[in-house]
Protein chains: 2
Amino acid sequence: MVEGEPGLRVVHQLRAITVELDLLGAEFAQRNGLHPTDVRALICLLDAARADTLATPGWLGRQLGLNSAGTTALVDRLERLGHVRRTRDSRDRRRVLLEVDDQAVALGQSFFGPLITEVVAATRAFSGTELATVERFLQNVREAVAEQRDPSA
Amino acid sequence: MVEGEPGLRVVHQLRAITVELDLLGAEFAQRNGLHPTDVRALICLLDAARADTLATPGWLGRQLGLNSAGTTALVDRLERLGHVRRTRDSRDRRRVLLEVDDQAVALGQSFFGPLITEVVAATRAFSGTELATVERFLQNVREAVAEQRDPSA
DNA sequence: CATAGTATCTCGCTCGGCGAGATACTTGCT
DNA sequence: AGCAAGTATCTCGCCGAGCGAGATACTATG
């Protein structure tokens, strides 16, 4: 718990935050009649939409580590709930494009909105340079974790 | 992606890290023949052991948001794999105490070890005061998330 | 135009997790 | 003491997310 090495403490904190965020996500999921995976899928889809990356079932499945069968089931659920629409790609007619509904965007807002407010409020206690440091650090961590997952970086 | 408000960027990063860590955990789980929940359970149990909190199925289930049936099944799995032992509490003989096996500790090490090494390496680029800032910030975030989950803080 | 390659979907199955209720023990009331 | 109420854990039956294997529809290449 009270280790000397600062790196350990930070890892500990990140892990704790991850667990907390997971549980928050699970809670939110249940309240809205969906599963943790569905929430993660919505996050991915919203990110894709924001980055103007066009999303397909295959891409989504790859993001979430699902196989094709699971992905189809996932998209079925999301479509049934009206969060996503399927449209055939006219260029490559094997592909299906996933369009996120405004409803899903609103849902995302309702999930992250309060949390963002909280965290932004928490940032009030930090100077611009301090926040820049935090950002830089988180970026490093993100890369470290990504490298752990796929040791080809 | 390129928002102006630093708080938003940080939230974004934290979310991305959470997703990455989740996927890392899922990968690790599968490689070791267990489920994401099992990994989270082991984390909780190791934390408890480190903090000298004595763990029971009920406590564990509460940590993970499982009901009693699911918790029993979880502990069954962990026990079958030899990560955990059940012992009756002699004071209150309704209770079962969960003892983590050294094997599970080693497993935890093998999971977090490389990641910790990576992150600690990443901290090399930061001064002591900078790390302190990061730590303080993460602490705030952790509290913010916890408050989101249980608005009674 | 056949053959290989790719994107998605269907089918049958496994197993994690839930709700309801059983069981064993403790605690409080009288 | 003795009985009701409360609590910790487990059992049973079921639902449904995700997997493996294979079907289907389309594209690309010789």
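Side chains are part of it too, since the values below use all heavy atoms of this structure and drop only hydrogens, waters and symmetry mates. All chains are named by letter (A, B, ...) in the order of the sequence lines, taking the proteins before the strands, and each is independently numbered beginning at 1.
B:R93 has its CZ atom 16 Å from the C1' atom of C:dT27, to the nearest Å. The distance from atom CG of B:L66 to atom C1' of C:dC15 is 14 Å, rounded to the nearest whole Å. Atom CG in B:D89 sits about 11 Å away from atom P in C:dT27, given to the nearest Å. Regarding A:R91, its CZ atom lies at a distance of 18 Å from the C1' atom of C:dA7, rounded to whole Å. The nearest whole Å value for the distance from the CG atom in B:L81 to the P atom in C:dC15 is 13 Å. Taking atom CG on A:L54 and atom P on C:dT8, their separation rounds to 11 Å, with Å as the unit. Regarding B:E79, its CD atom lies at a distance of 13 Å from the P atom of D:dT9, rounded to whole Å. A:D76 has its CG atom 12 Å from the P atom of C:dC11, to the nearest Å.
The 5' end of DNA chain C is approached more closely, in terms of each residue's nearest nucleotide, by A:G58 than by the other of A:G58 and B:G70. Residue whose closest nucleotide on DNA chain D sits further toward the 5' end, between A:L74 and A:R88: A:L74. Positionally, the nearest nucleotide of DNA chain D for B:A69 lies more toward the 5' end than for the other of A:T71 and B:A69.
Side-chain contact check for A:H35 and A:R40: no donor-acceptor pair (N or O, by modelled atom type) lies under 3.5 Å. Counting only N and O atoms by type, the side chains of A:E135 and B:Q13 include no donor and acceptor under 3.5 Å apart.
The environment of A:Q30 atom CD is sparse: at most 12 non-hydrogen atoms of other residues, nucleotides or ligands sit within 6.0 angstrom.
Between the CD1 atom of A:I17 and the CD1 atom of B:I17 there is a distance of 8.5 Å, given to the nearest 0.5 Å.
Of the side-chain N and O atoms in B:R77, one or more sit less than 4.0 angstrom from OP1 or OP2 of C:dG17.
Out of C:dT8, C:dC9, D:dT9, the shortest distance to the side chain of B:T56 is found at D:dT9. Side-chain proximity of A:N67 to the nucleotides D:dG20, C:dT8, C:dG16 is greatest for D:dG20. Considering only the side chain of A:V96, C:dT8 comes nearest among D:dA17, C:dT8, D:dT9.
Residue contacts shown for B:R86 are limited to sugar-phosphate atoms, with no base heavy atom under 4.0 Å away. Among the heavy atoms of the strands lying under 4.0 Å from B:G65 are primed sugar atoms or P, OP1, OP2 only; no base atom is included.
Remark: the B:R94 side chain and the D:dT7 base include a donor-acceptor N/O pair separated by less than 3.5 Å.
The main-chain N or O of B:G70 is found under 3.5 Å from a side-chain atom of B:N67 such that the two form a donor-acceptor pair.
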